[in-house]
S.K.: 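I'd like to ask some things about the structure below.
Source: prediction; values computed, not measured. In this chain, residues are counted from 1 in sequence order.
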Amino acid sequence: MKKTFIETYITKALGLRNGEVISVVGGGGKTSIIKKLAKEMLEFNSASILITTTTNIFFPENELESSVILGTEQTIAEMLNTKVETKNTILTLARKKIGKEIVPNQTDKNLKYMKLKGFKKENIKQFIKNDRIILVEADGSKGLPIKAPNSDEPVVPEESNYILGVIGLDAIGLPVSKENVFRQKQFCEVTGMKKKMKVSPESIASLIRHPNGIFQNSPKNAKRAIILNKADCIKNIDEIEKIAYIINKLAHFPREQTDRLVITSCHSWESSLVYTGVTK
């Protein structure tokens with residue numbers, strides 16, 4: 001009998017440990033994935049959970065129950081080191097407020113949240129300690145489901161232990177256009193697609209495989225995971241299995257023993273699926 005998926009939580013699938021830095025890149029729900037990870041970590045890890053960015057992020061929603069700390073990396077690091085108790089808490093760290101922006105993909109098209117400016121990638125190391133887990137939003141995609149990086153993207157700290165490449169499964173079947181694909185030009189160069197062609201599992205595999213694709217600028221020794229988000233957009237499990245199979249065969253991913261291919265939906269799935277491709 002073929003066992004294609006293992007059902008579990010993302011944190012357990014990735015084997016995340018205290019002291020690690022996890023950088024999240026790509027498109028299709030990076031903020032939602034970070035929120036999901038933070039909530040799971042509160043349940044499974046006794047640690048301080050620090051959320052920050054090397055680009056810009058929205059002020060956290062109330063449901064995340066995150067305290068926001070603003071300031072320079074030096075002042076925040078000093079404050080965290082002198083604080084008596086921060087375990088089992090979520091803290092969002094940023095440099096400063098930079099003004100309100102419209103939140104993408106919302107029913108209310110005029111909904112605005114405060115945007116926060118992050119830190120330079122080389123300064124994230126000041127927050128690292130063995131009793132903390134750091135989640136870094138290291139890329140921007142304007143809320144679009146899929147992205148190919150520019151030459152200086154993503155902005156990944158060298159200290160990152162894990163790189164999570166997020167892709168929205170709702171991109172499949174959409175025309176390649178600026179309305180659907182962030183960095184359309186780079187996406188076409190990396191995947192061989194042309195404008196108005198429809199995003200396919202094969203083009204997603206190219207984005208994963210290409211050296212200038214989703215894992216561009218990743219530290220050499222960092223572990224890698226692809227997170228296929230918004231799985232509730234796919235009709236059935238057979239179709240999800242087909243997409244995972246194509247990525248596995250064409251992108252040769254997972255390749256390393258530490259690689260993970262995770263399928264999830266932040267809004268409707270409590271747990272997630274980890275692709276194994278094992279036949280039993």
S.K.: Taking the side chain as everything from C-beta on, heavy atoms only, tell me whether V156 gets closer than 4.5 Å to I163.
M.R.: yes
S.K.: With sequence neighbours excluded, what pairs up with F119 under the ring pair (Phe, Tyr, Trp, His ring centres under 6.0 Å) test?
M.R.: F127
S.K.: Given K196 and S177, is the side chain to side chain donor-acceptor pair (under 3.5 Å) satisfied, shown in steps?
M.R.: CA-CA 6 Å; K196 298 185 180 180; S177 66; over 6 Å; no
S.K.: When you compare the side chains of S206 and T191, does any donor N or O come within less than 3.5 Å of an acceptor on the partner?
M.R.: no
S.K.: side-chain hydrogen bond (donor to acceptor under 3.5 Å, both in side chains) with T11: which of E40, K39, E43?
M.R.: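 Of E40, K39, E43, side-chain hydrogen bond (donor to acceptor under 3.5 Å, both in side chains) with T11 is met by E40 alone.
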S.K.: Side chains of T258 and E256: any donor to acceptor distance under 3.5 Å?
M.R.: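 No, because no side-chain N or O of E256 sits under 3.5 Å from a partner of the opposite role on T258.
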S.K.: Hydrophobic clusters here meaning ILVMFWY residues chained together by side-chain heavy-atom distances under 4.5 Å, can you tell me if W269 and Y275 are in one?
M.R.: yes
S.K.: Quick one: does E189's side chain get under 4.5 Å of H210's, heavy atoms only?
M.R.: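 Not in contact.
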S.K.: Answer yes if the side chains of S272 and T264 hold a donor-acceptor pair under 3.5 Å, and no otherwise.
M.R.: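 Side-chain D/A pair, S272 to T264: present.
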S.K.: Are L169 and I243 close enough that some pair of their side-chain heavy atoms sits under 4.5 Å apart?
M.R.: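 Side chain of L169 against side chain of I243, heavy atoms only: contact under 4.5 Å found.
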S.K.: Tell me whether K115 forms a cation-pi arrangement with F58, defined as NZ or CZ under 6.0 Å from the six-membered ring centre and within 45 degrees of its axis.
M.R.: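 Here K115 passes the 6.0 Å and 45° test against F58.
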S.K.: Charged N to carboxylate O below 4.0 Å: is that the case for K223 and E20?
M.R.: yes
S.K.: Restricting to ring pair (Phe, Tyr, Trp, His ring centres under 6.0 Å), what partner residues turn up for F59, sequence neighbours left out?
M.R.: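 Partners of F59 by the ring pair (Phe, Tyr, Trp, His ring centres under 6.0 Å) criterion come out as none, since no residue qualifies.
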S.K.: State, without any angle test, whether S265 and S268 hold a side-chain donor-acceptor pair at a distance under 3.5 Å.
M.R.: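 A pair is found: one side chain offers a donor N or O, the other an acceptor, under 3.5 Å apart.
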S.K.: So, do L80 and I69 sit near enough that their side-chain heavy atoms are less than 4.5 Å apart?
M.R.: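 Yes. Closest side-chain heavy atoms under 4.5 Å.
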S.K.: Any ion pair linking E153 and R183 (charged N to carboxylate O, less than 4.0 Å)?
M.R.: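 The answer is yes: the pair qualifies as a salt bridge.
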S.K.: Identify, with sequence neighbours excluded, every residue that meets side chain to side chain contact (heavy atoms under 4.5 Å, CB included) alongside T31.
M.R.: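 Partners of T31 by the side chain to side chain contact (heavy atoms under 4.5 Å, CB included) criterion, ordered by chain and then number, come out as E137.
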S.K.: Membership question, hydrophobic clusters at under 4.5 Å side-chain separation (ILVMFWY): are V25 and L144 in the same one?
M.R.: no
S.K.: Taking C-beta and beyond as the side chain, do M41 and L135 meet within less than 4.5 Å on heavy atoms?
M.R.: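 With C-beta onward as the side chain, the pair touches.
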S.K.: Please enumerate all residues that pass ring pair (Phe, Tyr, Trp, His ring centres under 6.0 Å) together with Y9, with sequence neighbours excluded.
M.R.: F44
S.K.: Find out if a path of hydrophobic residues (ILVMFWY) with successive side-chain heavy-atom gaps under 4.5 Å connects I134 to I76.
M.R.: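 The answer is yes; both residues are in one hydrophobic cluster.
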S.K.: What pair of heavy atoms forms the shortest contact from I57 to T92, and how long is it?
M.R.: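 Shortest heavy-atom contact: CD1-CG2, 3.9 Å.
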S.K.: If you define the side chain from C-beta out and look only at heavy atoms, does anything of I10 sit under 4.5 Å from K36?
M.R.: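 With C-beta onward as the side chain, the pair touches.
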S.K.: Using the salt bridge (charged side-chain N to carboxylate O under 4.0 Å, His left out) criterion, which residues pair with K230? Sequence neighbours excluded.
M.R.: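 With neighbours one apart ignored, the set is D170.
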S.K.: Kindly write out the residues that satisfy ring pair (Phe, Tyr, Trp, His ring centres under 6.0 Å) with F187, not counting sequence neighbours, or none if the list is empty.
M.R.: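 Ring pair (Phe, Tyr, Trp, His ring centres under 6.0 Å) check on F187 returns nothing, list empty.
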